[in-house]
Structure formats: C-alpha cells, structure tokens
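Contents: one structure, followed by commentary.
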Amino acid sequence: MVFKTVSKQKSKISSSRRLGLKIRLLTVAAQMLQDETEQKVKEKEAALAERVPPLSMSGLSLQELQDFCRDLHHKIDVVDEEWYDISLKVSKNEKEIDNMKLKITEIQSKFKKPTLRRVKISAEAMLSVLLGSKHKETIDFKASLKTVKKEEEKKEEVTDWRKNVDAMSGMDGRKKMFNSGQ
C-alpha cells in the first residue's frame, strides 16, 4: 500500500498582494453599499412627493384649518384600517403556508411517529413525575381500597366415621335406614 501525504499548496499570490486585493474589494463594496443606500433614500423621497402633496396652510381661516385637520384624521383612519386588513391577510396566509408545509412533510412521510412502548412505573414514581417537588408524602393506594371478603364454601361437617358406624349398628341403625328410605 502506498500512502499519499497531503501537503498544503502554496498560493501563487503573495500575502501582501492578497491583502492589497482584499482592501480594494472592501473599498469597492463599501462604495457600492453607500450608493445603494443613497438610491433608496432618493426613491423614498420621490414616492412620498408623488403620494403626499405639499402642505399650503398659509392664508387659511380657522374653520378651513379645522376642516383640513378633520380630513387628515379621516385619511389616517382609512390608512390604519387598510394596514390592519392587510396584516390580517398576511397572518392568515402565513398560517396557511405553515399548514401546507406540515401536510407536505406528512405526505412525504419524513415525519414518523415513534412507536410507544409500555413502561412499568410505580404509583410513587408517577406522582413524583407529575407533581415534581410538590410530591412529598407517600400514598398507599392499596390501603385505601375496600377489602372484599370471599365467602367460604360451606363445608360438610366431617364427623368421625366410627361413631357413625356404632350408631348404625344393631337393630336401631337398620330401622333408621329403613325409615329414612321411605
């Protein structure tokens, strides 16, 4: 087997030249960023000049100024209502997008539910997990259960068979057997 050693390749550009190129790139990027921000400010000013006419309040009477203010308040209310409606639409669309993403992941079955396993856990451990630090005293569930007494089967009385034999012997015993048979 032949092992190849990986050696660092020296760059063909010297470190001072690389540093000079970096500085030039950064200055060009900073100039481009500054031009872009200036262009955005100009676009914003142009849009505002187009949408909002300049105010000319000189020479207006008190009643005209009050009417003008009422008109401005009305326009502000309309804009606020539109903004609220648009924000509701946006939030509704975002919820729909999230629901669609969930449906896509379910369809592609990338999200698999893990199989649940039975875990044997004592009542004490379960209470300590559920209640946390609140669970201090131990509870004996078996002690609170009702005790159920099983009815004992009626056992036939076992008598001494010798006494029975003595009682059945002789004429008296035969008479009893004869009389009980009838």
Side-chain angles (χ1 to χ4, degrees), residues 1-139 141:
M1 274 201 228
V2 177
F3 292 104
K4 292 183 179 180
T5 58
V6 179
S7 63
K8 287 187 175 181
Q9 294 179 353
K10 289 187 176 182
S11 68
K12 295 178 182 178
I13 301 173
S14 67
S15 62
S16 61
R17 182 170 170 86
R18 192 176 329 127
L19 183 63
L21 287 173
K22 242 186 219 184
I23 291 172
R24 286 187 208 136
L25 281 174
L26 288 174
T27 55
V28 169
Q31 183 62 34
M32 288 175 68
L33 186 63
Q34 186 179 6
D35 292 343
E36 186 178 333
T37 55
E38 289 175 2
Q39 184 181 1
K40 284 183 180 179
V41 167
K42 287 178 183 177
E43 288 176 1
K44 185 177 180 181
E45 289 174 357
L48 283 175
E50 180 184 322
R51 292 181 186 166
V52 179
L55 292 176
S56 59
M57 294 189 296
S58 61
L60 295 177
S61 67
L62 182 64
Q63 184 63 32
E64 290 174 343
L65 282 174
Q66 287 177 349
D67 291 339
F68 183 71
C69 287
R70 284 188 196 111
D71 187 39
L72 283 178
H73 281 291
H74 177 69
K75 287 180 182 179
I76 289 171
D77 289 341
V78 169
V79 169
D80 282 343
E81 288 174 4
E82 289 176 3
W83 175 82
Y84 182 74
D85 292 340
I86 290 172
S87 65
L88 283 178
K89 287 180 183 178
V90 167
S91 64
K92 182 181 176 184
N93 287 340
E94 286 176 350
K95 287 179 184 177
E96 287 180 7
I97 289 171
D98 290 340
N99 288 338
M100 297 251 184
K101 285 180 181 178
L102 286 174
K103 287 180 182 177
I104 288 171
T105 55
E106 287 176 4
I107 289 173
Q108 292 175 345
S109 69
K110 289 184 179 177
F111 178 73
K112 294 182 180 178
K113 292 183 179 177
T115 56
L116 299 177
R117 299 179 189 150
R118 286 193 176 264
V119 178
K120 291 184 179 180
I121 188 169
S122 67
E124 295 294 323
M126 191 180 303
L127 280 176
S128 65
V129 168
L130 291 175
L131 300 176
S133 62
K134 295 178 185 176
H135 176 68
K136 293 180 181 174
E137 60 185 63
T138 60
I139 300 173
F141 288 110

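Side-chain atoms are counted along with the backbone in the values below, which use heavy atoms only and exclude waters and symmetry mates. We number each residue from 1, following the sequence as shown.
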Check: Between CG of Leu102 and CD1 of Ile97, what distance do you get to the nearest 0.5 Å?
Finding: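 Result: 12.5 Å between the selected atoms.
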Next item on the list: Identify the residue among Glu96, Lys95, Glu94 that makes a side-chain contact (heavy atoms from CB on, under 4.5 Å) with Lys92.
Entry: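 In the set Glu96, Lys95, Glu94, the residue that makes a side-chain contact (heavy atoms from CB on, under 4.5 Å) with Lys92 is Glu96.
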Next item on the list: Identify, with sequence neighbours excluded, every residue that meets salt bridge (Lys or Arg N to Asp or Glu O under 4.0 Å) alongside Lys75.
Entry: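 Here the qualifying residues are Asp71.
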Table please: side-chain donor-acceptor pairs of residues 62-69 below 3.5 Å, with sequence neighbours left out.
from, atom 1, to, atom 2, distance (Å)
Gln63, NE2, Asp67, OD1, 3.4
Glu64, OE1, Ser61, N, 3.1
Asp67, OD1, Arg70, NH1, 3.1

Check: Under the side chain to side chain donor-acceptor pair (under 3.5 Å) test, which residues partner Arg17, sequence neighbours left out?
Finding: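 In terms of side chain to side chain donor-acceptor pair (under 3.5 Å), with neighbours along the sequence ignored, Arg17 is linked to no residue.
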List the atom pairs, donor and acceptor, that lie under 3.5 Å between side-chain atoms in residues 20-40 and the rest of the protein, sequence neighbours left out.
from, atom 1, to, atom 2, distance (Å)
Thr27, OG1, Ile23, O, 3.3
Thr27, OG1, Arg24, O, 2.7
Gln31, NE2, Asp35, OD1, 3.2
Thr37, OG1, Leu33, O, 3.3
Thr37, OG1, Gln34, O, 2.7

Using a 3.5 Å cut-off and no angle test, enumerate the donor-acceptor pairs between side-chain atoms of residues 80-91 and protein atoms at least two apart in sequence or in another chain.
from, atom 1, to, atom 2, distance (Å)
Ser87, OG, Trp83, O, 3.3
Ser87, OG, Tyr84, O, 2.7
Ser91, OG, Ser87, O, 3.3
Ser91, OG, Leu88, O, 2.9

Margin query: Does anything in residues 45-63 form a salt bridge (Lys or Arg N to Asp or Glu O under 4.0 Å)? List the pairs, not counting sequence neighbours.
Written below: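 The answer is none; no pair qualifies.
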